[in-house]
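Atom set for the values below is all heavy atoms of this structure, side chains included, hydrogens, waters and symmetry mates excluded. The first residue in the sequence is number 1, and the count goes up from there. As the structure lists them, so they are numbered: ligands from 1, and atoms in each ligand from 1.
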Amino acid sequence: MLKILVTGATGNVGQEVVRLLLLQNCHVCAAVRNPTSAQQILGNHVDCIPFDFTNPNTFVEAFQAVNQLFLLRPPALANVRQQIAPALNAAKLAGVEHIVFLSLQGAEGNSFVPHSKIERYINQLGIPATFLRCGFFMQNLNTTHQEDIKTRGELLMPAGKGKTSFIDVRDIAAVAVQTLMAGGHQSRAYTLTGKEALTYYEVADIFTSVLGKPISYNPSLFKFVQHMRSSGLSMDYILVMIAIYTTARLGLASEITSDTEQLLNRSPITIRQYVEDYKQFWL
Ligand SMILES: NC(=O)c1ccc[n+]([C@@H]2O[C@H](COP(=O)([O-])OP(=O)(O)OC[C@H]3O[C@@H](n4cnc5c(N)ncnc54)[C@H](OP(=O)(O)O)[C@@H]3O)[C@@H](O)[C@H]2O)c1
């Protein structure tokens, strides 16, 4: 039976990848830092194997007899050479046959982002791979921005009037599972976006209509920095977020592709559907 190892299994995308893989005929293993708490999150049908990208002692057991790897770069690990490459070397040594890597929209044209370095390193190792270059996650709105929306009725991000082609992580996970289970996706890269690009003014209107309470959009960079600082976030993290929202402000996050629709044979989830499904996060 196909053995699939999922990294980032307790996170936004990884949890959904595990949930969908459990519906398939395969052996699902979650590579996690804390197997006890991961088991509680993921349930008893998943093998939770100790794994830490920064601890090479965990690699041999985790990659043993693994055919396929779902690779997710934890957001805090930005030094690819030191923090991601050693695990990839171990995957190669263990004979992993295929990697599905969650990458970033535009990674092919931006050699500075860690995702681009990881793509190149996987190719250099010669491990057959599929790169899922994802747009901005809808689920950032019920994680990073949840409190602002819930308590102050405000979408606070310095994205100006730029449009974003948001994608739902449930669609990303569905594509990941398809590319892991079906043949023919090796040496391919897909750019996964939703089917519409919206400004945050439009997103705020959708929130207002679905939640039945006023949600406004505030694009002030000054307010954003002030608020993030007062929430205790580090300046490094805030700068990364500003860079991401500046990309959107400049219109660079608005590209729409048909990859998600073609791979799933259905329309991607819309932001209205997402807000309806996640309503309880903001009420
Ligand atoms: N957010 C977006 O809009 C967006 C768009 C495109 C691409 N991406 C990319 O998507 C990825 C983030 O995905 P996500 O939101 O699903 O992640 P997430 O929810 O932040 O979860 C991160 C996962 O990594 C695990 N992890 C953290 N440090 C680890 C370590 N040292 N060793 C092993 N596992 C570790 C965490 O496990 P624990 O339970 O142990 O903490 C958790 O399962 C990033 O690479 C990001 O750049 C994001």
Side-chain angles (χ1 to χ4, degrees), residues 5-20 29-42 46 48-59 61-63 69-80 82-88 90-91 99-108 110 112-119 122 131-146 157 159 164-173 175-176 189-194 200 203 237 240-241 243-245 247-248 252-253 255 257 260 271 274:
L5 187 72
V6 179
T7 57
T10 57
N12 296 310
V13 182
Q15 269 194 55
E16 188 63 13
V17 169
V18 167
R19 194 184 70 76
L20 294 177
C29 297
V32 295
R33 288 192 290 183
N34 185 334
T36 312
S37 61
Q39 203 79 63
Q40 280 173 2
I41 298 169
L42 301 171
V46 186
C48 288
I49 318 273
F51 173 81
D52 187 330
F53 279 104
T54 62
N55 180 1
N57 294 331
T58 62
F59 296 167
E61 191 197 337
F63 289 121
L69 172 66
F70 175 73
L71 177 69
L72 180 131
R73 175 198 71 100
L77 304 186
N79 187 325
V80 172
Q82 284 177 14
Q83 297 175 310
I84 305 289
L88 291 175
I99 295 179
V100 172
F101 170 52
L102 193 152
S103 187
L104 182 70
Q105 183 176 13
E108 67 279 20
N110 183 352
F112 295 106
V113 292
H115 312 76
S116 163
K117 294 176 186 161
I118 293 171
E119 287 189 6
I122 292 171
F131 301 142
L132 306 182
R133 296 178 180 142
C134 302
F136 194 83
F137 298 174
M138 293 179 189
Q139 277 73 5
N140 295 325
L141 301 171
N142 65 277
T143 52
T144 314
H145 299 289
Q146 183 200 3
M157 57 274 292
T164 298
S165 54
F166 298 90
I167 176 119
D168 191 303
V169 301
R170 294 171 292 179
D171 281 343
I172 298 172
V175 169
Y190 302 112
T191 296
L192 305 183
T193 71
Y200 283 92
V203 174
Y237 183 79
V240 169
M241 288 180 79
I244 290 168
Y245 286 117
T247 305
L252 302 173
E255 182 200 9
T257 73
T260 314
I271 197 131
Y274 155 76

State whether the side chain of E61 and the backbone N or O of F51 hold a donor-acceptor pair below 3.5 Å, judged by distance alone.
-> no

Report yes if the side chains of N110 and L104 come closer than 4.5 Å at any heavy-atom pair, otherwise no.
-> no

Under 4.0 Å from one or more heavy atoms of L104, ligand 1 contributes atoms 6 (C), 7 (C)

Check: F166 and N140 side chains under 4.5 Å, non-hydrogen atoms | no

Closest non-hydrogen protein atom to atom 10 (O) of ligand 1, residue and atom name please, with distance?
-> L102 CD2, 3.3 Å

Counting each atom of ligand 1 from 1 as listed, which ones have a heavy atom of F136 under 4.0 Å away?
-> 3 (O)

Backbone N or O of E255 within a donor-acceptor pair of the S165 side chain at under 3.5 Å?
-> yes

Test item: R170 side-chain N/O and I172 main-chain N/O as donor-acceptor pair under 3.5 Å | no

Please determine if F53 has a nitrogen or oxygen closer than 3.5 Å to a nitrogen or oxygen of ligand 1.
-> yes

Atom 8 (N) of ligand 1 sits nearest the protein heavy atom F137 CZ, 3.6 Å

For residues Q139 and D168, determine if any side-chain heavy atom of one lies less than 4.5 Å from a side-chain heavy atom of the other.
-> yes

Go through ligand 1 atom by atom and flag the ones less than 4.0 Å from a non-hydrogen atom of G8.
-> 23 (C), 24 (O), 43 (O)

Purely on distance, is any nitrogen or oxygen of R33 under 3.5 Å from one on ligand 1?
-> yes

Considering only heavy atoms of N140, which atoms of ligand 1 have at least one such atom less than 4.0 Å away?
-> 1 (N), 2 (C), 3 (O)

Report yes if some heavy atom in the side chain of L42 is under 4.5 Å from a heavy atom in the side chain of Q15; otherwise report no.
-> yes

So which heavy atom in the protein is nearest atom 11 (C) of ligand 1, and how far is it from that ligand atom?
-> R73 O, 3.8 Å

May I ask you to decide if F131's main-chain N or O and S103's side chain share a donor-acceptor pair within less than 3.5 Å?
-> no

Check for a donor-acceptor pair, side chain of T7 on one end and backbone N or O of F70 on the other, with a separation under 3.5 Å.
-> yes

Side chain proximity check, T54 to L77, heavy atoms < 4.5 angstrom | yes

Of the protein's non-hydrogen atoms, which lies at the shortest distance from atom 19 (O) of ligand 1, and what is that distance?
-> N12 N, 2.9 Å

Run the contact test for D52 against ligand 1 with a 4.0 Å cut-off on heavy atoms, strictly below, and give the result.
-> yes

Protein residue, atom and distance nearest to atom 17 (O) of ligand 1, heavy-atom basis = L72 CD2, 4.0 Å

re atom 36 (C) of ligand 1, the protein heavy-atom contact at minimum distance is T10 OG1, 3.8 Å

Short side-chain to backbone donor-acceptor contact, Q83 and A78, under 3.5 Å = yes

For the pair T164 (side chain) and A248 (backbone), establish whether a donor and an acceptor sit closer than 3.5 Å, ignoring hydrogens and angles.
-> no

Hey, does V13 come in under 3.5 Å of ligand 1, counting only N/O atoms on both sides?
-> yes

Contact atoms of ligand 1, heavy-atom distance to G135 under 4.0 Å | 5 (C), 6 (C)

Report yes if T54 has an N/O atom closer than 3.5 Å to an N/O atom of ligand 1; otherwise report no.
-> no

Out of P75, G11, A31, whose heavy atom sits nearest atom 20 (O) of ligand 1?
-> P75

Counting heavy atoms only, which part of H115 comes closer than 4.0 Å to ligand 1: side chain, backbone, both or neither?
-> side chain

Under-4.0 Å heavy-atom contact with ligand 1, by part of T7 that carries it = neither

Quick one: are Y190 and T257 in side-chain contact, heavy atoms under 4.5 Å?
-> no

Looking only at protein heavy atoms, which one is nearest to atom 35 (C) of ligand 1, and how far off is it?
-> P74 CG, 3.5 Å

Part of S103 with heavy atoms under 4.0 Å of ligand 1, whether side chain, backbone, both or neither = backbone

